[in-house]
Amino acid sequence: MSGRGILDADMQTLGRWAARGWRWWLAELHTLVPAQLRRSSDNRLPRFLFRAGSLSPIGSHKGQVRIRKNAGLRTILVVHPELTLKRTIERPVLDDHDLPQVLAFEAESLVPFPAESVVLAGRAIGPAAEPGKILIEIASLPIETAREIATVTREDNILPLKIVVNGGRAVELDFAPAMRSAGLIAKPRSATPLIWGCVGFLAALNLATLIWKDVASVDRFAQIVDGQQPSVSVAQTITRRIELDRSLVQSTLRLRQTHDALHALATTSTTLPAGAWLQRYVWDGSTVRLTGYKPPKTDVATALRRSDRFSEVRSMADETQAAVPAGEPFDISARIIRR
């Protein structure tokens, strides 16, 4: 089966495939169960032969089973072949689950009687000569005989699980499904609903146990968290203080880089021409104002401009100031270039 075929299939086909897979899986599980733990096999069920409107035990149960004292006894009913009509047909390969539907659909063409006057049973007996087809043996039972069988089983208080023609074969012709569909015999009570109910209860109990364990684990974890809360608070306080100290150190370093007074004073001292001395030094963090005296014909402003440590150099006083015994006065403003 290709992936394209699965995608193109309708819901009915997908449901049929799922049901077929489920039956296959149950059959595989059935083979894993030890033989002594499985349901009673057909060989262990008492068999009765229906003939002339009465039932009689056959096989190993002959003379050992008293029918009327076994109310609801599960049995296998064997119909005498003289009461049925058999024939063999060829059909495309069918699943065992689909065979009853095919027989019911083709009933009019399979037997020479009206469909409502007979009960049909069928079984696959092997591959046909034509590839892709199988041989199917079908048998018809008159509806009056089927009603007589139903009446006898009710009167004798037995429950036929199978109503077969040729008992003893691996796959027998069984009229029981068709007779149940017609409402002639009751369906056997199955423990499947009870089993599935127990499975559902155990699954719900398992889920409830898992939820309870999960809630208990969460509660234990919450208790552990609550017990560690004081330590966590101390750790958080220490972390906040460390972050505060780090920010203070970084801001101090930034201030030192931008407000290093000694560095600015040293830079000014090394840049001034020889013989010049300061009377007043003003520094605001980025700009200096230098007031003092210099030797005659010494240009302090030019010295500062030629240096790569100052910019925006300008004179703040009149250049025609009179000289004094200490030298010529100067008043200059400049911006220190930071590195």
Side-chain angles (χ1 to χ4, degrees), residues 1-32 38-39 41-43 45 47 49-50 58-59 76-146 149 160-182 184-185:
M1 184 184 302
S2 64
R4 180 79 178 182
I6 296 176
L7 294 176
D8 292 340
D10 55 17
M11 295 303 296
Q12 184 177 3
T13 303
L14 292 176
R16 186 167 61 253
W17 289 344
R20 187 180 303 170
W22 177 251
R23 292 192 297 272
W24 173 85
W25 178 244
L26 290 181
E28 290 295 320
L29 292 179
H30 187 266
T31 60
L32 298 178
R38 300 176 190 172
R39 293 181 178 178
S41 64
D42 294 348
N43 295 330
L45 292 176
R47 289 177 177 256
L49 176 65
F50 174 82
I58 59 176
I76 294 179
L77 222 61
V78 180
V79 179
H80 198 278
E82 295 178 354
L83 302 177
T84 64
L85 178 64
K86 296 183 182 179
R87 62 173 294 194
T88 301
I89 61 175
E90 289 187 8
R91 289 295 182 274
V93 177
L94 295 172
D95 187 82
D96 292 339
H97 182 72
D98 298 329
L99 184 57
Q101 285 81 356
V102 173
L103 295 180
F105 182 75
E106 299 183 5
E108 293 287 349
S109 61
L110 294 178
V111 293
F113 309 106
E116 62 274 6
S117 65
V118 294
V119 176
L120 293 179
R123 69 183 183 95
I125 58 177
E130 184 178 350
K133 292 188 175 183
I134 57 173
L135 294 176
I136 300 176
E137 183 182 18
I138 63 172
S140 61
L141 182 69
I143 191 67
E144 295 300 330
T145 303
I149 292 174
L161 298 184
K162 289 186 176 182
I163 302 176
V164 300
V165 180
N166 44 344
R169 296 189 180 183
V171 180
E172 300 172 316
L173 286 165
D174 185 9
F175 292 103
M179 291 181 64
R180 292 191 190 102
S181 298
L184 298 177
I185 59 175

Checklist entry - Given the rule in the side chain to side chain contact (heavy atoms under 4.5 Å, CB included) test, do Arg47 and Val164 qualify, once you have shown the distances and angles that lead to the verdict? => result CA-CA 10 Å; Arg47 289 177 177 256; Val164 300; 4.2 Å; yes
Item to check | Derivation and outcome, side chain to side chain contact (heavy atoms under 4.5 Å, CB included), residues Val119 and Thr145 | outcome: CA-CA 9 Å; Val119 176; Thr145 303; over 6 Å; no
Item to check | Check against side chain to side chain contact (heavy atoms under 4.5 Å, CB included), Leu141 and Ile149 | outcome: CA-CA 11 Å; Leu141 182 69; Ile149 292 174; 4.0 Å; yes
Next on the checklist: Please evaluate residues Phe175 and Leu77 with respect to the criterion side chain to side chain contact (heavy atoms under 4.5 Å, CB included), reporting the C-alpha separation (whole Å), side-chain torsions for both, the decisive distance (0.1 Å), and the verdict.
Outcome noted: CA-CA 10 Å; Phe175 292 103; Leu77 222 61; over 6 Å; no
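Between atom OG1 of residue Thr88 and atom CD1 of residue Ile125 there is a gap of 4.5 Å, rounded to the nearest 0.5 Å. Rounded to the nearest 0.5 Å, atoms CD1 (Ile136) and CD (Glu106) are 8.5 Å apart. A distance of 10.0 Å separates CD1 of Ile134 from CD of Glu90, quoted to the nearest 0.5 Å.
In terms of heavy-atom proximity, Leu99 sits nearest to Ala124 at CD2-N, 4.3 Å. The shortest heavy-atom contact between Leu49 and His80 is CD1-N, 4.1 Å. Between Leu110 and Arg87 the shortest heavy-atom distance is O-NH1, 2.8 Å. Of all heavy-atom pairs between Leu173 and Ala121, the closest is CD2-O, 3.7 Å. Residues Val78 and Val165 approach most closely at CG1-O, 3.7 Å, considering heavy atoms.
For Phe113, the side chain to side chain contact (heavy atoms under 4.5 Å, CB included) partners two or more places apart in sequence, or in a different chain, are Leu85, Val111, Ser117, Val118. Shown here are the side chain to side chain contact (heavy atoms under 4.5 Å, CB included) partners of Leu161, two or more places apart in sequence or in another chain: Leu45, Arg74, Pro188. The side chain to side chain contact (heavy atoms under 4.5 Å, CB included) check on Ala176 picks up Ile163, Asp174, Arg180, Ile185, with sequence neighbours excluded.
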